[in-house]
Amino acid sequence: MKPVQLFCWHFMAYPYLDKDFDEKEYTGWVTVPNRLWNNSKARGLYQEYIDQLAYADELGFDGMVLNEHHQNIYGLMPSPNLIASALTQCTSRGKIVILGNLLPLHMNPLRVAEEYAMLDQMSNGRLIAGFAPGGGPETFNYDVPSANTREKFWEAADLIVRSWTEDGPFAHEGRYFPLRYVNLWPKPLQQPFPPVWIPGSRSPSTMNEVAKRGYCYFLSSRSHGGETHKAQQEFAAVLEKHGDQYHPFRFGILMSTYVAETDQQAREECEEGVWYFLKNCLKGHLRRVGRQLTYGPGVPYIPAAAWREYLKGYTPGRKLLGDVENWEELEASQSIIVGSPETVTRRIQSLIEKAKVGNLLIQFQLGNMPDHLARKSMKLFAEKVAPALRQESLTQFTREFPGMNVEQSAEALH
Amino acid sequence: MSGRIIEVNQRKVQILENGSGAPLLYLHGFADVHSVNEGWLPFHDQLAKRARVIAPAHPGCAQSDEYKDLDAIEDVVFHYLEVFDALKLSEFDLVGSCVGGWIAAEIAVRHPEKLRKLVLIGAAGLFVEGALIGDVFMMAQPEYGSSYASLREMLFASADQPNALAMFPDGKGEIEDEVRRYQMLRLGSRIGFKPPYFYNRPLRNRLHRITSPALVIWGEKDNFVPRAHGETYAKLIPNNGELKIIPGAGHSAHVEKPEETAKLVLDFLGK
C-alpha cells in the first residue's frame, strides 16, 4: 500500500486582465477578444509558471499536472506537451501528468502516441498519459462535430495504446483514423505502456469504458460535496462488474487549495486570486452569466436518451461554481480549500476518508495569484499538510484495502 | 406518437401524412414539425388542403432512428432515396425549409427527374463568401442558463414574438419538446458543424442541373441563413423566378407567416 499521491496542477491562467473585465467582457472562453493579450506584461509568464511546477518537484510533490485548453484565459496551454517537454529537462523525480491531450482535436492520434512516447523517454519513464475528448468550448474552437466525438475519442485512445504495445508495422482499419502503416518510433519507456488516466463527469458510459480497459478514472468536477463520494462508489461498482477491484489509486480528483500561517491570513492573501479565477477564468465555463459553453444542447455529444435523463433532473439557471456570491458559499462548495495548515489538513483529510481517493490533483496558483504567494502556499502545504495526509491515508488505505497490491498498475491487466 | 413508422435499411423512419392528391414531400428545419413540434404546424395544414403532404423525420429526429454512420449530407441524400423507394414515390413536389431546404437542393441536383417542382424556404447549404450561416449551436446554449432569446432571434424575426416564444420558451420547456430540439441539433452537428456551418461547397456549381421549376422563399429578416444565400439560389437554379420575400418574417417564414407562405407555395405548385 502507498499513501495518497499529491500532485501539483497548474492551469496557467492569463493573469493580466483589468479589473473591469467581468463587467465589460461577455466571456473568458472561445471568443474572449485576444486584443486583451498584453505582450509587455506577459513576457516571462510561461517561465514563471514552469518554475512553479519545478518548485513543486523540489518540494517533494508526487507529480505535476498539465492539461490542454484553447482560446481562453483559463489555461494558456494549447499544447501541454510543450510544457511537459520543458519539465522533463528541469525536474527529476515527480510524475508528469498530462490530463490530457484532447484526442478528437488531433488530425492524427499517432502524433499523440509519438509525442507521449518521446516524453516518456525524455522523462525517464515519468509520464502519466491522459486522454480527454474535449468539451463544449473545444467543439467551437476547433470545429469538432459533437455527435460522434465519444466514438472518435475511444478509437483514437485505443489506437494509441495499441501502437505502444503491438509490434509494427500494422494496419489500423478504423472508422475515423484509418492508417496503413502504424509503426511507432520511439516506443515509450514504461512497459507495457505508461499509466493512462481518463477524466469524466460521472457518466456511466465513460466509467464503463475506463473500467473495461483497466485505466484510472479522474473526476473532473471542481466541487466536492457528496457527489465525489458517490462517483467513487459508482466507479467501484463498475469495476466490480468488470471483475476488477477498486483501490484508491484507480481514482483521482481535482481540487484547489491555499495554505497560509492562519485561517485569516490565508483568506486575505488568496482572495484576490480566487475571485479573479471564479469571475474571470470561469466565465464561459462554470458560470451562468454570459453563455456557458461547456455543457448544453448546442454541444450534443450524448445520445438523445441520455439527454432526456439529464433534463429530468436539471434546473435551468442553477448556480454554478463561478456564480458563488460570497466566501461562505464558496467554502460550502468544497472546491477551494483555504486556511491554516491545520484547517486544510482536516478538510482534505475528511475528503480522502469519505471518497477513498488516492490521487489528489491540486491547483495552487489561482487566477492572478502572484508567484511568491503561490510558492509560499505550496511550501507550507508540502511541509505542514502533506506529511499528515500521507500518514493518515496510509493507515486508512491499509485498513480498508488489506492485501491489495496497488503497485500492480492498471496496465498489468493487459 | 403521431403518424406512422416505416423501415428503410433496418432503420425506423417516422412519417406524418395528411391530405390527398399529388404527393408533396416536406423536409423540416430547426423551428419545425419533428424538430420542435410533435405534430403539424398551421403552414402544413394549409398545404394539406390541396395536396398529400408527407413529412418524414430526419434520421435521429423525433421517432426516427439515429443513423450512426451518418457523417455528411451525402449520407442524408442516400437515406432519402431509400425513403422515396419505400414510399413508392417516383415523382413528387419537394418542399424544404432551413436544413430541410439544403437536403432538398442536394436531392434536386442529383435526381432532377424525381421532382415535379421544388420549393426552398430559407434553405441552408450554400457557401456564400462574406455571408456565413449563423452559429445556431452556440445560440442553443442558453444565456444565464435559461434564456433562449438569442436562439429565437436567430430563427425568427424577433425574439419576443409569440410563435418564437411558444417553440423555444425560456427556462425548462416540455421535456419531449426539448429532446426533439436536441435531436435536431445532433443531426445538425453531424452534417452541418464542419465546415462551419451548414454548407457543402460543391453544391453551388451543381445547381444548374436542376430541371424542375423552382421557387425560392426567404423571410425579410433572416438572421440564420443570410438573404444572399436566397439570392444565390434564385440566380443559379435555371428554371426559377425571382426570390420571393415574406415581409416581417425571419428565418422561419413558414412558422411566422404561415398563410402567406403557404399561399405562395400552393400558387407556385398550381394547386
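Chain identifiers are assigned alphabetically (A, B, ...) following the order of the sequence lines, protein sequences preceding nucleic acid strands; residue numbering begins at 1 within each chain. Keep in mind that the numbers below use all heavy atoms, side chains included, and drop hydrogens, waters and symmetry copies.
- Of all residues spanning residues 293-304 of chain A, those with a heavy atom less than 4.5 Å away from chain B's heavy atoms are Leu293(A), Thr294(A), Tyr295(A), Gly296(A), Pro297(A), Gly298(A), Val299(A), Pro300(A), Tyr301(A), Ile302(A), Pro303(A), Ala304(A), arranged by number.
- Of the atoms belonging to Gln183(B), it is side-chain heavy atoms, and not backbone ones, that fall under 4.5 Å from chain A.
- Among Asp135(B), Val136(B), Asp71(B), the residue with the largest count of heavy-atom pairs under 4.5 Å with chain A is Asp71(B).
- When atom types are taken as modelled, the side chain of Lys194(B) and the backbone of Asp143(A) share a donor-acceptor pair closer than 3.5 angstrom.
- Not one N or O on the side chain of Lys68(B) forms a donor-acceptor pair closer than 3.5 Å with the backbone of Asn148(A).
- A donor-acceptor pair is defined here as one N or O able to donate and one able to accept, closer than 3.5 Å; such a pair exists between the side chain of Arg291(A) and the backbone of Gln141(B).
- The neighbour count for Asn34(A) CG, taken as heavy atoms of other residues, nucleotides or ligands under 6.0 Å away, does not exceed 12.
- A side-chain donor-acceptor contact under 3.5 Å links Ser189(B) to the backbone of Ser146(A).
- At a 4.5 Å heavy-atom cutoff, the contact between Ser150(B) and chain A is made by side-chain atoms alone.
- Counting heavy-atom neighbours within 6.0 Å of Phe78(B) CZ, excluding the residue itself, gives a total of 12 or less.
- By the 4.0 Å N-to-carboxylate-O rule, Glu176(B) lies close enough to Arg308(A) to be salt-bridged with it.
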Does Met138(B) form a side-chain contact (heavy atoms from CB on, under 4.5 Å) with Val30(A)? I'd like the steps, not just the answer. CA-CA 11 Å; Met138(B) 196 179 271; Val30(A) 183; 4.2 Å; yes
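- Around the OH atom of Tyr144(B), the shell of radius 6.0 Å holds no more than 12 heavy atoms that belong to other residues, nucleotides or ligands.
- Between the side chains of Tyr314(A) and Glu178(B), no donor-acceptor pair of N or O atoms lies under 3.5 Å.
- Side-chain contact between Phe193(B) and Thr139(A): present, with at least one pair of heavy atoms (C-beta onward) separated by less than 4.5 Å.
- Looking at Tyr310(A), neither its backbone nor its side chain comes within 4.5 Å of chain B, counting heavy atoms on both sides.
- When side chains are defined from C-beta on, Trp307(A) does not count as touching Arg181(B), because their heavy atoms never get closer than 4.5 Å.
- For Asp69(B), the parts lying near chain A are the backbone and the side chain together; criterion is any non-hydrogen pair under 4.5 Å.
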Could you walk me through whether Leu311(A) and Tyr182(B) pass the side-chain contact (heavy atoms from CB on, under 4.5 Å) test, one step at a time? CA-CA 11 Å; Leu311(A) 285 176; Tyr182(B) 182 83; over 6 Å; no
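- Your options are Gln292(A), Glu151(A), Arg175(A), and the one with the most heavy-atom pairs under 4.5 Å with chain B is Arg175(A).
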